[in-house]
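This report concerns only the one structure given below.
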Amino acid sequence: MAAESGKIDPMHQFEVAPLGGGFNLGGQEILFTNSALWMIVAAIALGLFMWGGMRRELVPGRWQAAVEGFTGFISSMMTQNIGSEGRKYTPYVFSLFMFILFCNLLGMLPLGVLGLHPFTVTSHIAITGVLAIISFAIVLVVGFWRHGLHFFSLFVPQGTPLPMIPIIAPIEFVSFMVRPFSLGLRLFVAMTAGHVLLKVLSGFVINGFNAETLWLGSIVSVLSFILMIGISALELLVAGIQAYVFALLTSLYINDAVNLH
Amino acid sequence: MPQIAQLTADNWYLASQLFWLLVVFAGIYIVIGRGMLPKIEATVDARDRKVADDLAAAKAAHAAADKVEESYRQQSDASRAVAQKAVADAKGKAARDAEKRLAKVDAELGAKLAAAEADVAAARNSAMAEIESVAAEAASDLVAKLSGANVSAADAKVAVKAVLNG
């Protein structure tokens, strides 16, 4: 085995590095980081994508049809899960879905070939956690705004027998309070795991070709590379699914707040 | 895991991530969620409404066409009945006319036939009478030549008549 075999660190890709341009905000140092850069890249890519669908033609072209496919997907999900009132929350859920989707997909781009360092914004619990907390806060605000203290009846499912309420209510309360954590963790873990797996496999590819017994190492490399192709496809699927799950669960939680049970 | 290690190790990490996330996400929400999305949805809604309207208009036009076709069919049925009646009338009239003319021609032909038959009978009678007189003359001539006896014309006539009529 070559001496540098252990040097490929699969966790290095998640490191947030300052790119300079820091300033002070209320005594707290704010730095412009690679994470911030990729968020802005995602926002610009999303803006360009949406701008291409703004022609507002009666018979849509390909691009407009693609954009309308995304908007129709989210707005039909909202009306299905929440009802006609769901359209009020479509802007938030659509922004959330598209932002997560673009961050996930941009992190998958093979820009390392060009010498750039792609960074997956959504592989950080600090990001996904904040997004989950925003969703949870919207649920709380909407719930208490619309139903007042009656919102607590959420913890007593309809038809619960009276003696069961003292047992059911704490369980429902815990499951309710776990929501923001599960919501944020799910996306963070899925993104992290996928990228770690890809990085480990790419380490195998490199180390295999550098191995002293080249024929054996080549077999390992080729097999790992084939596996990488499959897992990359799977990761593209996961990128879409995780964005969808985040948006879907947010819409379901908002449904709880709007319609109770 | 840098995602968790950096939370405590770098004091700028959390604030920077939060700040930029909020700035970028707020930008996306305002520009795309509030700005672009409603316009795209309005386009889709307008298209859906137009499609529904056009479908309704097509349905109404279809019903109107059905009604027109129905009235047209009734009209054509009525006019066909009128035409059939006219044809039947004309046919009856023509048949009656032909019958009448035929009867007239028939009667004329019958009269002509009867006249011709009467002529033929008269001719035959006169011819018969002529034959009788010629035969009587010939018979009296024959008798005179053979026997030298003079037979009167009246006698010869009686004898010939008896022979001719059996």
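First the proteins, then the strands, lettered A, B, ... as listed; each starts at 1.
In terms of modelled atom types and a separation under 3.5 Å, the side chain of A:E85 and the main chain of A:V258 share no donor-acceptor contact. A donor-acceptor contact shorter than 3.5 Å links the side chain of A:Q64 to the backbone of A:E57. The backbone N or O of A:L31 sits less than 3.5 Å from a side-chain atom of B:S16, completing a donor-acceptor pair. Counting only distance, with no hydrogens or angles, the side chain of A:N34 and the backbone of A:L19 share no donor-acceptor pair below 3.5 Å.
Inspection of non-hydrogen atoms places no residue of residues 98-132 of chain B under 4.5 Å from chain A. Scanning residues 26-43 of chain B against chain A with a 4.5 Å heavy-atom cutoff picks out B:I28, B:Y29, B:I32, B:G33, B:R34, B:M36, B:L37, B:K39, B:I40, B:E41, B:A42, B:T43, ordered by number. Below 4.5 Å, heavy atoms of chain A meet heavy atoms from B:K50, all part of residues 48-70 of chain B.
Both the backbone and the side chain of B:Q17 come within contact range of chain A, with heavy atoms under 4.5 Å apart. With a 4.5 Å cut-off on non-hydrogen atoms, A:F102 does not touch chain B at all. Residue A:Y92 touches chain B through both its backbone and its side chain, counting heavy-atom pairs closer than 4.5 Å.
The local environment of CZ in A:F204 is sparse, with at most 12 non-hydrogen atoms from other residues, nucleotides or ligands closer than 6.0 Å. Summarising the local packing, OH of B:Y72 is surrounded by 12 or fewer heavy atoms from other residues, nucleotides or ligands at distances under 6.0 Å. In this structure, A:R55 places its CZ atom where only 12 or fewer heavy-atom neighbours from other residues, nucleotides or ligands lie under 6.0 Å away.
Here B:L21 contributes atom CG and A:I127 contributes atom CD1; the two are 4.5 Å apart, rounded to the nearest 0.5 Å. One finds the OG1 atom of B:T8 at 10.5 Å from the OH atom of B:Y13 (value rounded to the nearest 0.5 Å). Separation of atoms CG (B:L7) and NE2 (A:H124) is listed at 9.0 Å; rounding is to 0.5 Å. Distance check: A:S251 OG to A:Y89 OH gives 12.5 Å after rounding to the nearest 0.5 Å. Between A:Q80 atom CD and A:L248 atom CG the span is 10.0 Å, to the nearest 0.5 Å. We find the CD1-CZ distance between A:I100 and B:F25 to be 7.5 Å, quoted to the nearest 0.5 Å.
In terms of heavy-atom pairs under 4.5 Å with chain B, the best-connected choice from A:T33, A:V59, A:I74, A:L46 is A:L46. Contact tally against chain B (heavy-atom pairs below 4.5 Å) for A:E15, A:H12, A:Q13: the top residue is A:E15. Ranked by heavy-atom pairs shorter than 4.5 Å toward chain B, the options A:E29, A:M11, A:M39 are led by A:M39. With chain B as the partner, the residue from A:V67, A:L96, A:V121 showing the most heavy-atom pairs under 4.5 Å is A:L96.
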Donor-acceptor pairs under 3.5 angstrom involving side-chain atoms of residues 177-195 of chain A: please list them, not counting sequence neighbours.
{"from": "A:R179", "atom 1": "NH1", "to": "A:D256", "atom 2": "OD2", "distance (Å)": "3.3"}
{"from": "A:R179", "atom 1": "NH2", "to": "A:D256", "atom 2": "OD2", "distance (Å)": "2.8"}
{"from": "A:S182", "atom 1": "OG", "to": "A:R179", "atom 2": "O", "distance (Å)": "3.0"}
{"from": "A:T192", "atom 1": "OG1", "to": "A:S123", "atom 2": "O", "distance (Å)": "3.4"}
{"from": "A:T192", "atom 1": "OG1", "to": "A:F188", "atom 2": "O", "distance (Å)": "2.7"}
{"from": "A:T192", "atom 1": "OG1", "to": "B:Q3", "atom 2": "NE2", "distance (Å)": "3.0"}
{"from": "A:H195", "atom 1": "NE2", "to": "A:T120", "atom 2": "OG1", "distance (Å)": "3.1"}

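Here the shortest heavy-atom pairing between B:W20 and A:A36 reads CG-CB, 3.3 Å. Here the shortest heavy-atom pairing between B:F19 and A:I30 reads CD2-CG2, 3.6 Å.
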